Amino acid sequence: MKNIAVFASGTGSNFINIYNGLKNNSINGEIKLLISNNSNCGAVLFAIKNNIEYKIINDFRFPIEKNKEYELVLNFYRIDLILLAGFMKKIPENIVRLYKNKILNIHPSLLPKYGGQGFYGMKVHEAVIDSKDKLSGATVHFVNEHYDKGAIVLQKSLNVLKSDTPESLSKRILKIEHSIYLEAVNLFCLDKIKIQY
Ligand code: GRF
C-alpha cells in the first residue's frame with residue numbers, strides 16, 4: 001500500500017476526487033495526510049469533516065525551518081507519493097530532491113503549452129482562448145526543480161468551442177483533471193510508471 005500526501009491550497013476538488021476514488025476503487029494507495037498553507041480552504045474543510053489528518057505549513061521567517069518541517073512531517077507518515085493539487089506554494093528543493101519521481105502535479109493545459117511561472121488557474125484558460133487554440137486539456141506530470149517541466153505521465157485533450165469562455169473551459173477541463181489524476185495515481189500505486197531519459 002502506498003502512503004500518499006496531498007498538497008492543496010484551494011477548493012480541493014482534485015483532492016476530494018482522489019480521496020473518494022481511492023476509497024471506492026481497489027487502488028493500492030491511501031491518503032495519509034493533507035498539507036496546506038491555508039487553514040480556511042475547501043481542502044482543509046473536507047479533511048476536517050472526513051477525519052483526514054492535515055497539517056498547515058505556512059511561511060516562517062526562516063525558510064530553512066519551513067522546509068525542514070515538510071521533511072519531518074513527510075517522514076513521520078512514511079510518505080511514498082506526494083500529489084500536488086492546486087498547491088500555491090513552491091515545493092522546496094530539499095523535498096524535490098528527496099522525493100525524486102515521487103511527486104505528481106495536475107496542470108490544466110496540454111503541457112508544455114501554457115506552463116511555467118505565471119500560468120495558473122484562470123490565467124491558463126484565458127491564454128488558450130486568447131490564442132484561439134482549438135485544443136486544450138489537462139496534464140499529469142512529475143515535479144522537478146522547474147515549474148511544469150517534469151516528465152509527463154498522462155494527458156487528455158478536448159476541443160475548445162467557439163462559445164467557450166475561460167470559465168466554461170475550466171469547468172470541462174476540471175472533469176478531465178479528475179479522471180486522469182486518479183488514473184495516474186492508480187498507475188503509480190501499481191508501480192507501472194517508468195521514466196525513460
Ligand atoms: C486545478 O485546476 C489544477 O489543475 C491546478 O489547480 C487547480 C486546483 O483545483 N493545479 P481544485 O482545488 O483541485 O479544485
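All heavy atoms count here, side chains included; hydrogens, waters and symmetry mates do not. Note that ligands are numbered from 1 as they come in the structure, with each ligand's atoms numbered from 1 the same way. These numbers were taken from a predicted model, which means no experiment stands behind them. Positions are given from 1 along the sequence.
- Interface atoms of ligand 1 facing Pro108, defined by a heavy-atom separation under 4.0 Å, are 4 (O).
- Distance from atom 12 (O) of ligand 1 to its nearest protein heavy atom, with residue and atom name: Gly12 N, 2.7 Å.
- A donor-acceptor contact closer than 3.5 angstrom links the side chains of Asn94 and Glu71.
- For atom 7 (C) of ligand 1, the candidate residues are Ser9, Gly86, Gly10, Ala43; the nearest heavy-atom contact is made by Gly86.
- The shortest N/O to N/O separation between Leu174 and ligand 1 does not fall below 3.5 Å.
- No more than 12 heavy-atom neighbours from other residues, nucleotides or ligands sit within 6.0 angstrom of NZ on Lys192.
- Here atom 2 (O) of ligand 1 lies nearest to Glu177 when heavy atoms of His125, Met122, Glu177, His178 are compared.
- Ligand 1 lies out of reach of Ala8, whose nearest heavy atom is not under 4.0 Å from it.
- In the vicinity of Thr11, heavy-atom distances shorter than 4.0 Å reach the ligand 1 atoms 12 (O), 14 (O).
- Aromatic ring pairs are classed by plane angle as parallel below 30°, tilted from 30° to 60° and perpendicular above 60°; the pair Tyr70 and Phe87 is perpendicular.
- Using a 4.5 Å cut-off between side-chain heavy atoms of Ile, Leu, Val, Met, Phe, Trp and Tyr, with links allowed through other members, Leu83 and Tyr120 fall into different hydrophobic clusters.
- Neither Phe15 nor Leu174 shares a network with the other; the hydrophobic side chains, linked directly or stepwise wherever heavy atoms of I, L, V, M, F, W or Y lie under 4.5 Å apart, form separate groups for each.
- Around atom 9 (O) of ligand 1, the closest heavy atom drawn from Asn14, Ile18, Ile106, Leu84 belongs to Asn14.
- Close contacts of ligand 1 with Ser13, meaning ligand atoms under 4.0 Å from a residue heavy atom, involve 11 (P), 12 (O), 13 (O), 14 (O).
- Counting only N and O atoms by type, the side chains of Ser136 and His125 include no donor and acceptor under 3.5 Å apart.
- Counting non-hydrogen atoms of other residues, nucleotides and ligands closer than 6.0 Å to CD1 of Ile64 gives a total of 12 or fewer.
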